[in-house]
Q: 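Input: one structure, supplied below.
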There are 2 protein chains.
Amino acid sequence: MITLSDVAKKANVSKMTVSRVINHPEQVTDELRELVEDAMEELDYRPNSAAKALAYNRTNVVKVVILEDVGITEPYYMSLLFGIAKGLDKQQYALQLVTEREDLKLGDPDGYIITGARNTDSELLASLQAPVVVFGENRSGFDFIDTDNKEGIKMATEFAIAKNYQSIIFIGIDVKEPFEYSREAGYINTMQQHQMIPRIHRMANHSHLSQKFINEHWREFARNTIFICASDRLAVGVVRAILHNGGNIPVDFGVIGFDGVFLDQVSNPQLSTIRQPVQRLGEHIARMLLQKIAQSGAQQGELMLTPELILRGTTRD
Amino acid sequence: MITLSDVAKKANVSKMTVSRVINHPEQVTDELRELVEDAMEELDYRPNSAAKALAYNRTNVVKVVILEDVGITEPYYMSLLFGIAKGLDKQQYALQLVTEREDLKLGDPDGYIITGARNTDSELLASLQAPVVVFGENRSGFDFIDTDNKEGIKMATEFAIAKNYQSIIFIGIDVKEPFEYSREAGYINTMQQHQMIPRIHRMANHSHLSQKFINEHWREFARNTIFICASDRLAVGVVRAILHNGGNIPVDFGVIGFDGVFLDQVSNPQLSTIRQPVQRLGEHIARMLLQKIAQSGAQQGELMLTPELILRGTTRD
DNA sequence: TTGTACGCGTTATCAG
DNA sequence: CTGATAACGCGTACAA
């Protein structure tokens with residue numbers, strides 16, 4: 001193993017000079033700096049993160065916490081993890097996955113990335129002893145990152161209007177959480193701007209529930225109706241019910257989902273959807289946390305990334 | 001932060017005694033040991049893993065490598081990661097996710113968990129500088145864990161025979177990999193044991209390919225046929241095609257998938273499938289790697305976990 | 001601007 | 001069986 005001292009010897013300087021070249025290069029003369037850099041290169045020096053962690057009193061570990069019940073594993077989180085891992089790797093950070101509340105207190109990570117948190121989790125999060133960033137809108141003051149939910153639904157609604165769908169119905173998720181409020185707001189605002197009357201139905205986020213709902217109300221839906229759904233799951237159920245009742249997709253009926261992770265692609269026909277940039281969100285939240293750690297816990301604010309409207313088999317051209 | 005020294009003072013011993021109580025308790029008298037244990041309890045002592053890592057010349061990090069192209073994110077890996085994380089957590093290990101081959105060489109993990117490896121990756125794996133365990137059967141001599149593929153298909157085939165399906169067809173994945181050979185072997189052996197003639201069709205692992213295949217050969221399939229598929233993806237396509245052609249599931253046609261992760265549950269009707277114990281596999285492979293690290297790289301052999309035949313909407317009672 | 005001495009928390013070695 | 005000492009690799013504080 002190559003250490004600072006090895007490099008120092010090779011460059012004929014003290015190891016402190018080498019350390020400075022790495023952490024405070026401006027304090028070293030160009031001459032020495034180049035000498036040291038060459039030596040590092042030649043020896044293929046790799047800093048020892050355990051030693052660094054010990055000196056800084058850090059662990060170089062962040063906990064990634066999934067508070068949501070993932071009975072059926074959401075593919076969503078896979079992409080998110082990929083992104084997070086990518087963001088952390090660049091700084092030689094490692095992660096520990098936590099899926100059970102009890103395990104939250106174990107270990108001493110340098111920070112936490114929280115996903116799937118509900119309003120009721122605020123106290124729990126506030127009690128953590130290291131910097132926290134949250135994945136998903138919240139109004140409890142935690143730094144967060146999320147898709148721009150409002151904007152996403154706005155895009156879909158304006159598309160529906162532009163395509164002359166007569167009736168534009170929103171199928172929402174029956175939860176009192178900011179992400180849902182924002183999605184509904186995007187729908188309502190856009191409808192009102194165009195003097196159209198919003199119509200919202202809410203249910204738990206399961207495809208068989210939206211399927212059942214459409215089946216039971218089938219007679220109420222005239223041709224030229226589009227359903228904008230708060231999730232791909234709901235959208236998949238809607239599609240099934242329309243087809244089951246003999247409705248023609250995409251000619252007479254349209255369906256747009258929300259998420260754009262996995263489900264939209266394996267469904268048949270492939271779903272038009274508002275795709276969240278999940279992996280990028282992951283990268284950004286990792287960066288946000290690392291920065292917060294570097295700034296010893298300073299507030300980072302919020303960041304919203306714009307989703308993309310993907311048009312496929314369930315909307316007409 | 002509570003350190004060894006703090007505990008040592010409280011217990012009136014040297015910190016080496018405390019260290020021994022933790023790592024080599026048999027070298028300490030019962031009397032002192034209890035004294036120290038009480039002190040640790042009272043002070044809520046938590047070992048500093050960075051310091052430990054430095055002393056042992058370890059990083060306490062393992063890399064989890066996904067070599068497969070995950071264009072469409074496989075939910076499969078999510079469960080696996082949960083399991084791995086659980087196994088690692090117990091020993092205070094953290095993980096780094098690697099999805100790109102180039103990133104394999106960065107950092108100095110204590111070991112590697114490799115998934116999605118193909119035959120052609122053998123050299124790459126052999127060149128790694130830390131203990132390696134592989135997820136998935138292989139015949140290159142790497143320690144591995146996998147579902148008992150052969151046994152799983154055998155269970156499904158015997159079920160089909162017991163239910164008096166006239167024709168039992170295997171839809172396989174068109175790859176030259178051990179897992180596929182084992183699945184086919186499970187099918188062929190069982191068929192032969194019952195004096196039945198095996199019939200296998202292979203294609204790439206996409207639902208639209210199996211869908212297309214069934215459509216094109218629809219006339220060849222008499223009633224009372226069951227399709228045993230090498231993946232849930234293939235099974236989903238088969239189901240779609242059967243329904244599309246007016247076939248009655250589960251009365252006249254049966255379908256059994258393989259995997260039992262996510263897809264089987266969101267499909268409609270819900271899929272009968274051979275469920276892999278993915279999360280348990282994850283836990284076991286983590287343990288295997290940690291043990292291999294502890295034994296400085298000693299061979300661990302192979303471990304196969306038995307899958308479970310889940311009967312749902314695509315097979316008759 | 002550069003170097004020296006020491007500390008971070010833990011473990012191995014060796015002496016008692 | 002127990003304790004003192006040195007060492008792991010790196011960073012800070014202070015001195016030169």
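First the proteins, then the strands, lettered A, B, ... as listed; each starts at 1.
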Q: Does a side-chain N-to-carboxylate-O contact under 4.0 Å join B:R101 and B:D121?
A: yes

Q: By nearest atom, which of the nucleotides D:dG3, D:dG11, C:dG9 is closest to the B:T3 side chain?
A: C:dG9

Q: At under 4.0 Å between heavy atoms, what does A:E26 touch on the DNA or RNA strands: base, sugar-phosphate, or nothing?
A: nothing

Q: From the options C:dG9, C:dT2, C:dT13, select the nucleotide whose nearest atom is closest to the side chain of B:A55.
A: C:dG9

Q: Return the nearest nucleotide to the side chain of A:S19; candidates are D:dG11, D:dC10, C:dA12.
A: D:dG11

Q: From the options D:dG11, C:dG9, D:dT12, select the nucleotide whose nearest atom is closest to the side chain of A:H24.
A: D:dT12

Q: Of B:N12 and B:L54, whose nearest nucleotide on DNA chain D comes first from the 5' end?
A: B:N12

Q: Taking NZ, NE, NH1 and NH2 as the nitrogens, is one of them in A:R33 or A:D30 under 4.0 Å from a carboxylate oxygen of the other?
A: yes

Q: Given the structure, check if the side chain of A:R46 and the base of D:dG9 hold any donor-acceptor pair shorter than 3.5 Å.
A: no

Q: Between C1' on D:dA15 and CE on A:M16, what's the gap in Å once rounded to a whole number?
A: 13 Å

Q: Closer than 3.5 angstrom, by distance alone: can the side chain of A:D89 be matched with the main-chain N or O of A:K86 as a donor-acceptor pair?
A: no

Q: Take the protein atom CG of A:D108 and the nucleotide atom P of C:dG9, then report the distance between them rounded to whole Å.
A: 12 Å

Q: From CD1 of A:I22 over to C1' of D:dG9, roughly how many Å is that when rounded to an integer?
A: 11 Å

Q: Between B:Y56 (OH) and C:dC8 (P), how many Å, whole number?
A: 21 Å

Q: Between C1' on C:dG9 and CD1 on B:I2, what's the gap in Å once rounded to a whole number?
A: 13 Å

Q: Let me know the distance between CD of B:Q92 and C1' of C:dG9, rounded to the nearest Å.
A: 15 Å

Q: Tell me: CZ of B:R58 to C1' of D:dG9, nearest whole Å?
A: 17 Å

Q: Let me know, please, whether A:K15 or A:N57 comes out on the 5' side of the other along DNA chain C by nearest nucleotide.
A: A:K15

Q: In terms of the nearest nucleotide of DNA chain D, which residue is placed more toward the 5' end: B:V13 or B:A51?
A: B:V13

Q: Are A:S5 and D:dG9 close enough that a side-chain N or O sits under 4.0 Å from OP1 or OP2?
A: no

Q: Among C:dC14, C:dT10, D:dC10, which nucleotide sits nearest the side chain of B:L4?
A: C:dT10

Q: I'd like to know if B:D148 pairs up with B:K150 as an ion pair, taking the criterion as any Lys NZ or Arg NE/NH1/NH2 lying under 4.0 Å from an Asp or Glu carboxylate oxygen.
A: no

Q: Using a strict cut-off of less than 4.0 Å between a Lys/Arg side-chain nitrogen and an Asp/Glu carboxylate oxygen, indicate whether B:R287 and B:E283 qualify as a salt bridge.
A: yes

Q: Side chain of A:Y45: nearest nucleotide among D:dC10, D:dT12, C:dT10?
A: D:dC10

Q: Send over the distance from A:N48 CG to D:dC8 P, rounded to a whole Å.
A: 11 Å

